[in-house]
Amino acid sequence: IKISSGINAEYGAARPDLHCVYHMHSRPGIAVSAALQKIQPFIQASIEVPDISYHDYRGLITDGSDKPTWLETSLTPSKYLLMRNHGLLTGGGTVEEAFYRMFFFHQVCQAYVDCGYLTSSIPPQNILSDHIMKIGQEGYDECRNDTPFAVLEYEALCRMLDYEGLETGYPYSEMSQRVLDKTLI
């Protein structure tokens, strides 16, 4: 997959394991990227965003001079990147995976804004422990019914849009249909 230019292209080129890069400037993502040094896990959605890389904003650079710092940031195994004072970036092996990761990354940022944690600290008792994060991840993995990562979730979101009349045209997988048929019985 060819990725356009700039940030997305640099990140994609440095990470051949990522076939899709999703870059978003949502209000909560920008707010969190501007206000926080580090995101702490404090809601269930945090379980799906376990490891975040961070990249300092250096302005709008189009001449490639920021490539060395992008390569340094990109070589981490994380598929989540918080670009400080800029926004969010996720990557995945598929479109579904990159979208799924962004969906939860955005939820975490929205919760920070909604809870007022941009200007106040999260109470220590509200931060999820490593043990809870591990149990939660195991639970998510078990619920996937041996389907490829994020396919069921992405298809569910597309179905919601289809039901609203937006006609996504997304081709639902046979696996998704079988799981859906099982749950409707």
Side-chain angles (χ1 to χ4, degrees), residues 7-8 10-12 14-15 17-58 69-158 160:
I7 293 168
N8 303 334
E10 296 295 341
Y11 197 74
R15 294 286 304 269
D17 60 316
L18 305 180
H19 299 286
C20 182
V21 175
Y22 193 146
H23 179 171
M24 187 162 81
H25 299 139
S26 67
R27 289 182 70 189
I30 293 169
V32 167
S33 76
L36 298 178
Q37 250 341 82
K38 186 173 193 271
I39 292 178
Q40 296 290 326
F42 74 103
I43 60 169
Q44 182 172 321
S46 301
I47 293 167
E48 290 292 340
V49 186
D51 55 340
I52 301 169
S53 294
Y54 299 86
H55 182 75
D56 291 331
Y57 185 69
R58 291 176 171 77
T69 58
W70 267 108
L71 290 174
E72 185 180 303
T73 302
S74 304
L75 294 176
T76 66
S78 178
K79 294 183 180 182
Y80 302 90
L81 179 64
L82 184 121
M83 298 173 290
R84 292 196 173 99
N85 306 95
H86 185 126
L88 310 174
L89 189 141
T90 59
T94 63
V95 170
E96 293 89 349
E97 181 185 354
F99 179 85
Y100 175 86
R101 292 183 186 287
M102 183 61 76
F103 180 82
F104 283 100
F105 202 5
H106 175 78
Q107 275 192 341
V108 168
C109 292
Q110 184 67 58
Y112 261 95
V113 172
D114 292 348
C115 293
Y117 292 151
L118 297 182
T119 56
S120 66
S121 298
I122 300 171
Q125 69 272 17
N126 291 3
I127 295 174
L128 301 179
S129 69
D130 291 341
H131 177 71
I132 294 297
M133 292 288 285
K134 183 176 185 273
I135 290 171
Q137 189 58 58
E138 289 168 358
Y140 272 117
D141 291 344
E142 189 176 316
C143 291
R144 288 202 171 93
N145 296 311
D146 297 321
T147 58
F149 185 81
V151 168
L152 294 178
E153 296 88 344
Y154 187 82
E155 290 184 356
L157 292 168
C158 286
M160 288 170 47

So, taking the atom named [atom1] in [X] and the one named [atom2] in [Y], what distance separates them when rounded to the nearest 0.5 Å?
X	Y	atom1	atom2	answer
M102	C20	CE	SG	9.5 Å
I127	I132	CD1	CD1	13.5 Å
L118	Y112	CG	OH	8.5 Å
M83	L88	CE	CG	6.5 Å

Exercise for the section: Check the angle between the aromatic planes of F99 and Y154 and answer parallel, tilted or perpendicular using the 30° and 60° thresholds. Expected result: perpendicular

Side-chain touch [X]/[Y], heavy atoms, less than 4.5 angstrom:
X	Y	result
F103	E48	no
Q44	Q107	no
I39	Y54	yes
L82	S53	no
E97	R101	yes
L89	H23	yes

Exercise for the section: Among residues two or more places apart or on two chains, list those pairs meeting side-chain hydrogen bond (donor to acceptor under 3.5 Å, both in side chains) that have a residue in residues 31-40. Expected result: none

Handout entry: Residue D51 excluded, over 12 heavy atoms near CG under 6.0 Å
Key = yes

Completion exercise
Tightest non-hydrogen contact, residues G92 and A98, listed as N-CB, 3.8 Å

With sequence neighbours left out, what residues match [X] under ring-ring contact (aromatic ring centres under 6.0 Å, His included)?
X	result
Y80	F105
Y140	none
Y117	F42

Problem - Test salt bridge (charged side-chain N to carboxylate O under 4.0 Å, His left out) applied to E96 - qualifying residues, sequence neighbours left out - result: none

Fill in the blank from the handout: For R84, the salt bridge (charged side-chain N to carboxylate O under 4.0 Å, His left out) test, sequence neighbours excluded, returns D56

